[in-house]
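Keep in mind the model is a prediction, meaning the values are calculated, not measured. Every chain is numbered from 1, with letters handed out A, B, ... down the list of sequences.
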Amino acid sequence: MTDTVPDNYRPEQVEAKWRARWAERGTNQPDLDRATRPFYNLMMFPYPSAEGLHVGNMFAFTGSDVYGRFKRLQGYDVFEPIGYDAFGIHSENYAIKVGLHPAELIPRNIANFRRQLERVGGMFDWRHALSTTDPSYYKWTQWIFLQLLKAGKAYKKKAAVNWCPFDKTVLANEQVEGGLCERCKTPVEQRFLEQWFFRITDYCDRLLANLDTLDWSDTTRTAQRNWLGRSEGAEILFAVAGGRTVGASAASTAQPPNRPIAGISVFTTRPDTLFGATFMVLAPEHPLVTRLTTPAQAAAVAAYIEAAASKDLVARKVGDRDKSGVPLGTMAVNPATGREIPIWIADYVLMEYGTGAIMAVPAHDERDFAFARKYGLEIVRVLSPERVDPASVPGNAALAAAETETAGYVLVNSGKFDGRTAEEAKRLITADLAAQGKGKPVVQFRLHDWCISRQRYWGPPIPVIYCDSCGPVPVPEKDLPVILPPIEDFRPDDSGISPLARHEEWYYVPCPTCGRRGRRETDVSDTFLDSAWYYLRYPSSEFDDRPFDPARTKKWCPVTTYIGGNEHAVLHLLYSRFLAMVLKDLGHIDFEEPFTRFRAHGLIVKDGSKMSKSRGNVVIPDEYIAQWGADTFRMYLMFLGPLQDGGDFREAGINGPRRFLDRVWLMVTEAEDGGELQKSLVVRWHATRKKAAEDIDGLRYNTAIAALMELVNAMKEAGSRDRAIIADLIVMLAPFAPHFAEECWERLGHTTSVFDARWPAWDEGLVVSEEIEVPVQIGGKTRAKIQLLRGSDEATALALAKGEPTVQKFLEGKTIRKIIYVQDRLLNLVIG
RNA sequence: GCGACCGUGGCGGAAUUGGUAUACGCGCCAGACUUAGGAUCUGGUCCCGCAAGGGGUGUCGGUUCGAGUCCGACCGGUCGCACCA
């Protein structure tokens, strides 16, 4: 090495030194009770896998950490906690695979995660680290369940659920992707089990409306909107032909046995097409099916129902879109036309949505069209393009495909509604039905209640005891936590019952009410319940007599800024919002939106696909950090592109940030006081203070780093080693390269942490130079550049421009037809 | 199929939101220092052209004094949702 190389900067030693000093000094531990400017900087806590954190995780955590450190330099009391989402099927399946117990495996993984998180230089307050598997944590997860149970927001019902035959557990709808288990990609089956549910659907309106008030990434808000799936329409009652229609609010189709059937209620978003409803379809599971089936059809119907039930959800929901169905043999009456129409069952109608029954309008719905074509059912068009003579419209039989458009269409074949636009007709027909007691406007959501039961071992036991005399009894709060008992064989079996049922000493327990022998609930709760409230626990993690201390919570919550992956856009984020609403309604907290500002980071891509364990392309950062140092590695990741875009991981380029830091180190060692500063350097200095601050605040770390590099380049060009500029540079570099900045800061003579310094203020008058270069265009093409004082007027600019030889050349023999002068920006001469 | 987003050098990416396209970095080329260089330093690096100049942000068209940016069509790609009535 030559004398120009800073051979005295050794990342490994320097970083270890500062890790130790931060711990000694408590640098990263804000006073949670006395903080005056609290800033809760949250990142999504990781699931502690056996492999350790990969580069994608590091990218996300560093991105969040940079933000927290920046806010600290702006004078906030930044609380940046971390924890482990360590319950759940992930951990359990891995444990099964390697033949170890998760209780043994998880602490080991956590220790490794902590080592990595410390090594990369996160500003974590380790006093408040938590794991969801710790009884002192899940005690309160169970407590939350009890609050919901008391409030009637938790209930048990037997329901068709998604059953993963590989993981041997129930999955929430959100965990089924295209009919496959999200984790193991096994086709999901339908099973009927008693399950615990949370009434998230009670909160649809609020969950939707509040989205408009949140400072969140648009993509995330859109995803939530789609997931909530609000649609406006009508519920319409179809009478059964020949059956006596009784009373009947449109809502109720379920009638006690042996009473006349009130009718069949359907939900539709297209009441305007009512006159075109030529048949009805019920879901095979619809409760009225048996009673509406004629003896002649009974055998065929029974066979169809059985086939549909055994058909796995892949085939039913995605796989074959081929419609199939069976007529029940009975007829219903179209309330608009009075005509009798056949009733069918078909598995393209789902029991979980709407009323589980539809009016089929083949002319204006693709699915109904396909079904009608297949079974030769009648097709009647009731919409026609506006301003077209209905007679010229192709006949019903000639229709090649369903016409689902509404814009520009008017009603035909619809009695007194003919000529109305589709939008008008939606309102008018619904109102008309309502007046007759045969329908009403209805808003439907796609969202279903949240099934939190899991027939597994590795989770918090649901705190309920079943007693033969008292029924289900909540475990008294004083008896919490219900400890997850250590059992040797925790593997799930095909029974649909949790392995916990095999642990008899645990399973049988006195009933809290009557004292007789009761049985514990053996299901554990969904991991998403653990993670739906962890942000509330962090500030209060040292209290074991309360889940979240009121004063702490008031000071620190809701979370100021949350950064995490968009893969949790609809699951974790929706559940957290729901739970916050419930807790607020129950008076436990005073806010209902947990995350004021949320930003989704991008994904790190390796070899063309997202870095993830399941794709087998993970890169563990440890060796890169060992080779280049954590600071260089952090800068490399943050320099790839905007945080919200992610980037391609490739080794090439990591030496760029290293070289940059080496140059800065050299400057620090050569820093000198005094000396006149070039004007342009002063401008660059102030401009950098401003640009870097704004870019970091907007998570554009790549351009913030570029600005710092430009400042260094400007200093080199000016031959300056000005101590004041260098000190600023170090402060601005600190969020990205914290250990490096501390070392430089100390070298510059400071005895306190660089994070006790403040981000340098900039003088707005100095961020732009007095003299600027303005392009002169002729006909929109740049022909020359002139030096102007900022704020010069058009006449000055024009005079100067006309003095330019190039400009003269182009103006020769031409007249200037128009002058466009944008002050301080450009001069454009349009010639004729 | 529906929805959202995106196409800029050899590569990652900039572009004050309609105003000098390619900042910053990687890579590459040349030179310097060196026993050596996968270190460091200096210079160069969109394309054609000796130059003047011309062309250029996926393609075609439009609006404008001026378009990477706005509008329309197309081509290509990424990510959600997906029989939701």
Side-chain angles (χ1 to χ4, degrees), chain A residues 1-7 177-179 218-220 222-223 225-227 229 231 233 266-270 273 281 316-323 346-350 352-361 365-368 370-371 404 444-448 566-567 569-570 602-603 605 608-610 635-636 639-642 645 647-657 659-660 662-663 666 691 694 700 702-710 712-713 716 768 773-785 806 809 817-820 822 824-831:
Chain A
M1 286 193 180
T2 69
D3 53 357
T4 55
V5 181
D7 60 348
E177 290 176 349
D218 282 339
T219 50
T220 313
T222 305
R225 264 186 215 108
N226 292 341
W227 195 262
S231 37
V266 303
F267 172 72
T268 179
T269 53
R270 297 294 306 278
T273 62
V281 185
R316 177 147 176 201
K317 279 201 162 162
V318 235
D320 85 87
R321 296 262 161 134
D322 220 18
K323 304 283 179 289
D347 64 6
Y348 78 92
V349 173
L350 310 172
E352 311 95 74
Y353 186 75
T355 62
I358 62 161
M359 65 176 206
V361 184
D365 181 278
E366 284 172 23
R367 296 150 301 178
D368 299 344
F371 194 79
T404 56
Q444 269 290 334
F445 285 88
R446 267 188 40 177
L447 187 75
H448 302 319
N566 223 1
E567 69 271 22
V570 288
L603 297 173
V605 164
S609 55
K610 170 194 169 182
M635 285 197 76
Y636 162 72
F639 194 53
L640 281 175
D645 289 2
D648 268 314
F649 183 81
R650 56 189 79 195
E651 217 173 318
I654 193 167
N655 51 337
R659 283 208 278 249
F660 172 68
D662 283 343
R663 277 181 213 131
L666 192 63
K691 180 167 174 55
E694 289 176 351
R700 296 181 298 271
N702 55 330
T703 49
I705 293 171
L708 300 180
M709 289 172 166
E710 285 179 84
V712 167
N713 291 346
K716 280 187 355 189
V768 285
E773 188 186 67
V774 170
V776 179
Q777 298 185 336
I778 292 168
K781 291 200 184 301
T782 302
R783 297 301 182 185
K785 286 161 188 178
T806 333
K809 195 178 104 192
R817 297 229 320 245
K818 196 171 177 185
I819 298 167
I820 291 118
V822 183
D824 303 336
R825 193 122 299 167
L826 96 162
L827 175 67
N828 187 11
L829 306 176
V830 184
I831 55 174

Separation of [X] atom [atom1] from [N] atom [atom2], in whole Å?
{"X": "K818(A)", "N": "G19(B)", "atom1": "NZ", "atom2": "P", "answer": "17 Å"}
{"X": "I654(A)", "N": "G27(B)", "atom1": "CD1", "atom2": "C1'", "answer": "16 Å"}
{"X": "N655(A)", "N": "G25(B)", "atom1": "CG", "atom2": "P", "answer": "12 Å"}
{"X": "D218(A)", "N": "G80(B)", "atom1": "CG", "atom2": "P", "answer": "18 Å"}
{"X": "K691(A)", "N": "U16(B)", "atom1": "NZ", "atom2": "C1'", "answer": "8 Å"}

Side chain of [X] - closest among [options]:
{"X": "N702(A)", "options": "C81(B), A85(B), G13(B)", "result": "G13(B)"}
{"X": "R446(A)", "options": "A4(B), C81(B), C24(B)", "result": "C81(B)"}
{"X": "K785(A)", "options": "A23(B), A85(B), U20(B)", "result": "U20(B)"}
{"X": "D365(A)", "options": "G27(B), C24(B), A85(B)", "result": "A85(B)"}
{"X": "P642(A)", "options": "A14(B), A85(B), C65(B)", "result": "A14(B)"}
{"X": "T782(A)", "options": "C83(B), C24(B), A21(B)", "result": "A21(B)"}
{"X": "R783(A)", "options": "G54(B), C65(B), A23(B)", "result": "G54(B)"}
{"X": "M709(A)", "options": "A85(B), C24(B), G19(B)", "result": "C24(B)"}
{"X": "V822(A)", "options": "A14(B), G27(B), G19(B)", "result": "G19(B)"}
{"X": "K809(A)", "options": "A85(B), A14(B), A52(B)", "result": "A52(B)"}

Mate of A15(B) across any strand shown (Watson-Crick or G-U wobble, both atom pairs under 3.5 Å) is none
Problem - Pair assignment for U34(B), Watson-Crick or G-U wobble, requiring both distances under 3.5 Å - result: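 Its partner: none found.
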_Using only atom types and a distance under 3.5 Å, with no angle test, would you say the side chain of D645(A) pairs donor to acceptor with the backbone of G602(A)?_
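Judged by distance alone, no pair lies under 3.5 Å.
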query: Is there a donor-acceptor pair closer than 3.5 Å between any side-chain N or O of N702(A) and the backbone N or O of L640(A)?
result: no
Base, sugar-phosphate, or nothing: which does [X] touch, judged by heavy atoms less than 4.0 Å apart?
{"X": "Q444(A)", "answer": "nothing"}
{"X": "D368(A)", "answer": "nothing"}
{"X": "R817(A)", "answer": "nothing"}

Chi-based syn or anti call at U8(B), which uses purine or pyrimidine torsion atoms and a 90° bound:
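Anti conformation here, the glycosidic angle of U8(B) being more than 90° from 0.
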Practice prompt. Would you classify G9(B) as syn or anti? Syn applies when the glycosidic angle is within 90° of 0.
Written response: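 Syn, since the glycosidic angle lies within 90° of 0.
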Looking only at atom [atom1], what distance separates [N] and [M], rounded to whole Å?
{"N": "C26(B)", "M": "G13(B)", "atom1": "P", "result": "16 Å"}
{"N": "C60(B)", "M": "C81(B)", "atom1": "C1'", "result": "32 Å"}
{"N": "A15(B)", "M": "G68(B)", "atom1": "C1'", "result": "9 Å"}

* Asked: Do the side-chain N or O atoms of N713(A) get closer than 4.0 angstrom to the phosphate oxygens (OP1, OP2) of A23(B)?
  -> no
Report task. Hey, which sits more toward the 5' end of RNA chain B by its nearest nucleotide, N226(A) or F639(A)? Result ->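 That would be N226(A).
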Using heavy-atom distances to pick each residue's nearest nucleotide on RNA chain B, tell me which of I705(A) and G356(A) is more 5'.
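On the 5' side of the pair lies I705(A).
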Is there a donor N/O on one and an acceptor N/O on the other, under 3.5 Å, for the side chain of R825(A) and the base of U16(B)?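 Answer yes: a donor N or O sits under 3.5 Å from an acceptor.
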